[in-house]
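Atom set for the values below is all heavy atoms of this structure, side chains included, hydrogens, waters and symmetry mates excluded.
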Amino acid sequence: MNNKLTKHTKVLIIGSGPAGYTAAIYAARAMLKPILVFGSEPGGQLTTTTDVENFPGYSKVIQGPWLMEEMKGQAKAVGTEMIQDHIKKVDLSKKPFEAVGDSGQVYTADSFIISTGAQARWLNLKSEQEFRGFGVSACATCDGFFFKEKEVAVVGGGNAAVEEAMFLTKFASKVKLIHRRNELRAEKMLQSKLKQNKKIEIIWDSIVEDVIGDKEPKSVKGLKIKNIKTKKISDLKVDGLFIAIGHDPATSLFKGQLNMDKDGYIITKPDSTVTNVPGVFAAGDVKDKIFRQAVTAAGMGCMSALEAEKFLSLKK
């Protein structure tokens, strides 16, 4: 192997976002000289969230991209080496572990922290992407607050969609749940709670065809929805659209090498970021499908670095 193309580190962090950056801050402060490799979307999902009001420490509204830039800067300042590259394959069966980037760079490491995150599934409409962050969201707990006394729609039929719809009734005057089938997939108990809620109306057998809104200032004004049985298209007046059709963790790289659940989330020991491969840790949305918050991801990033430090000191 050409040594010029091999870079070795005690801790290799794959993925940025609150989990990766926090792991880097703690690992660098422990003098482990970590390398963090980030892909084409440094900062992860928070870079598509405009206003952040629930990250502790800020009394005024902050911007998601700004928060990620600050975390990145902090990780760099304490001694993290940051490299933009896309990791295309990893080998966790040999020591040191190995990762190969699209750049041709080979990274070897005594420990791996995986913080590759998850992506919300979208409807893949051009108009949906156009208004993303301006009335279209995939996170009710992040953005529900901005829809006080407004009408919103939620798309989906599983637990996440029902929970998002119920959460949004705290703020919105009316919540329309749009589902493509004529029954929900959510747990029965959640369904009965939903049906008791006077603020929620369910629109069955329907899909969103288009998001309608103003260009200046950018804002959502309504939806075109299509009944898939009658093929009838109708207009729905709403101020916001929440997509709750699931998330996909970015774990395809580790398939067959790490234990995952049926949805592809990495399984770790309880109260820990330890995976089934000693020396490999997973933090943030790549292993967490319950909370999915910046602050919980950051907390796990901290845990992963402390656990990696402990692993490395015992290894000595």
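Without hydrogens or angle criteria, T47 side chain to G44 main chain gives a donor-acceptor distance under 3.5 Å. Using modelled atom types, no side-chain atom of D214 and backbone atom of K218 make a donor-acceptor pair closer than 3.5 Å. Judged by distance alone, the side chain of Q45 and the main-chain N or O of A118 form a donor-acceptor pair under 3.5 Å. Side-chain atoms of D85 come within 3.5 Å of backbone atoms of D102 as a donor-acceptor pair (strictly under, hydrogens ignored). Put simply, the side chain of T80 never gets that close to the backbone of M82: no donor and acceptor are under 3.5 Å apart. Between the side chain of H8 and the main chain of T108, a donor-acceptor pair closer than 3.5 Å is present. Put simply, the side chain of D205 never gets that close to the backbone of N227: no donor and acceptor are under 3.5 Å apart. In this structure a side-chain-to-backbone donor-acceptor pair under 3.5 Å is missing from S115 to G284. Judged by distance alone, with hydrogens and angles left aside, the side-chain atoms of Q74 form no donor-acceptor pair with the main-chain N or O of E70 at under 3.5 Å. In terms of modelled atom types and a separation under 3.5 Å, the side chain of S272 and the main chain of P270 share no donor-acceptor contact.
Residues W122 and A138 come closest through the heavy atom pair CH2-CB, 3.8 Å. For the residue pair V154 and L168, the shortest heavy atom distance occurs at CG2-CD1, 3.5 Å. When all heavy atoms of L46 and A294 are compared, the closest pair comes out as CD1-CB, 3.9 Å. The shortest non-hydrogen separation linking A161 to V155 is CB-O, 4.3 Å. The minimum heavy-atom distance linking T22 with A298 is given by the pair CG2-O, 3.2 Å. In this structure, L258 and T275 approach most closely via the heavy-atom pair CD2-OG1, 3.6 Å.
Under the 4.5 Å side-chain heavy-atom criterion for Ile, Leu, Val, Met, Phe, Trp and Tyr, F38 and F281 are members of the same hydrophobic cluster. Residue L177 is grouped with residue M166 when hydrophobic side chains (ILVMFWY) are merged at heavy-atom distances under 4.5 angstrom, including chains of intermediate members. Linking ILVMFWY side-chain heavy atoms closer than 4.5 Å, directly or via other members, places L5 and I83 in two distinct hydrophobic clusters. Residues M300 and F311 are members of separate hydrophobic clusters, defined by side-chain heavy-atom contacts under 4.5 angstrom among Ile, Leu, Val, Met, Phe, Trp and Tyr. Under the 4.5 Å side-chain heavy-atom criterion for grouping Ile, Leu, Val, Met, Phe, Trp and Tyr, I202 is not connected to V238 through any hydrophobic cluster.
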Problem - Criterion side chain to side chain contact (heavy atoms under 4.5 Å, CB included) on K231 and K226, from CA distance to verdict - result: CA-CA 6 Å; K231 302 284 183 271; K226 178 181 175 181; 3.8 Å; yes
Exercise for the section: Under the side-chain hydrogen bond (donor to acceptor under 3.5 Å, both in side chains) rule, what do E151 and S173 come out as? Steps first, then yes or no, please. Expected result: CA-CA 6 Å; E151 297 201 359; S173 55; 4.6 Å; no
Practice task
Could you give me the CA-CA distance, side-chain angles and deciding distance for D239 and K221, then say whether salt bridge (Lys or Arg N to Asp or Glu O under 4.0 Å) is met?
Solution key: CA-CA 5 Å; D239 304 293; K221 291 288 172 251; 5.3 Å; no
Problem - side chain to side chain contact (heavy atoms under 4.5 Å, CB included) assessment of K94 paired with E98 - result: CA-CA 7 Å; K94 54 175 167 197; E98 192 176 281; 3.5 Å; yes
Exercise for the section: Show the numbers, then the answer: is there a side chain to side chain contact (heavy atoms under 4.5 Å, CB included) between Q257 and V277? Expected result: CA-CA 8 Å; Q257 304 193 65; V277 175; 5.9 Å; no
Handout entry: Verdict with supporting geometry, Y58 and L67, side chain to side chain contact (heavy atoms under 4.5 Å, CB included)
Key = CA-CA 10 Å; Y58 300 95; L67 180 61; 3.9 Å; yes
Exercise for the section: Output, in order, the C-alpha distance, side-chain angles, deciding distance and verdict of side-chain hydrogen bond (donor to acceptor under 3.5 Å, both in side chains) for E187 and N159. Expected result: CA-CA 6 Å; E187 290 163 13; N159 283 354; 3.1 Å; yes
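Side chains of V136 and V211 form a contact here, defined as non-hydrogen atoms less than 4.5 Å apart. I225 has its side chain out of reach of I207: every pair of non-hydrogen atoms, C-beta onward, lies at least 4.5 Å apart. Within the 4.5 Å cutoff, the side chain of T141 has heavy atoms near those of the Q293 side chain. Under the 4.5 Å side-chain criterion, counting only non-hydrogen atoms from C-beta, K199 is not in contact with K174. For the pair L12/I113, no side-chain contact is recorded, criterion being any heavy-atom separation below 4.5 Å from C-beta on. Using a 4.5 Å heavy-atom threshold, the side chains of M260 and Y265 count as separate. Between V295 and N54, the closest side-chain pair of non-hydrogen atoms is not below 4.5 Å. For the pair N259 and I266, the minimum side-chain heavy-atom distance is 4.5 Å or more.
Residues meeting the disulfide bond (SG atoms under 2.5 Å apart) test with C139, sequence neighbours left out: C142. Here K60 pairs with nothing under the salt bridge (charged side-chain N to carboxylate O under 4.0 Å, His left out) rule; sequence neighbours left out.
Within a 6.0 Å sphere centred on NZ of K198, other residues, nucleotides and ligands contribute 12 heavy atoms or fewer. Heavy atoms of other residues, nucleotides or ligands lying less than 6.0 angstrom from OH of Y107 number more than 12. Atom NZ of K289 has more than 12 heavy atoms from other residues, nucleotides or ligands within 6.0 Å. Applying the 6.0 Å contact sphere to CZ of R121 captures more than 12 heavy atoms from other residues, nucleotides or ligands. No more than 12 heavy atoms of other residues, nucleotides or ligands lie within 6.0 Å of CG in D271, so this atom counts as exposed by the packing criterion.
For the atom pair K126 NZ and L123 CG, the distance stands at 15.5 Å (nearest 0.5 Å). Interatomic distance, Q191 CD to Q196 CD, rounded to the nearest 0.5 Å: 12.0 Å. Note: L312 CG to K310 NZ = 12.5 Å, rounded to the nearest 0.5 Å. Atom CD of E53 and atom CZ of F145 lie 5.0 Å apart (nearest 0.5 Å). Note that CG of D263 and CG of D248 are 9.0 Å apart. Values are rounded to the nearest 0.5 Å. With rounding to the nearest 0.5 Å, the separation of CZ in F291 from CG in D285 is 12.0 Å.
Aromatic ring pairs are classed by plane angle as parallel below 30°, tilted from 30° to 60° and perpendicular above 60°; the pair F97 and F112 is tilted. Between F167 and F171, the ring planes lie perpendicular to each other; the angle is over 60°, past the 30° to 60° tilted range.
Between K95 and D110 there is no salt bridge, since no side-chain nitrogen of the basic residue lies less than 4.0 Å from a carboxylate oxygen of the acidic one.
Considering T268, I14, T116 in turn, T116 is the only one that fulfils the side-chain contact (heavy atoms from CB on, under 4.5 Å) rule with V286.
Relative to the six-membered ring of F134, K215 misses at least one condition, a distance below 6.0 Å or an angle of at most 45° to the axis.
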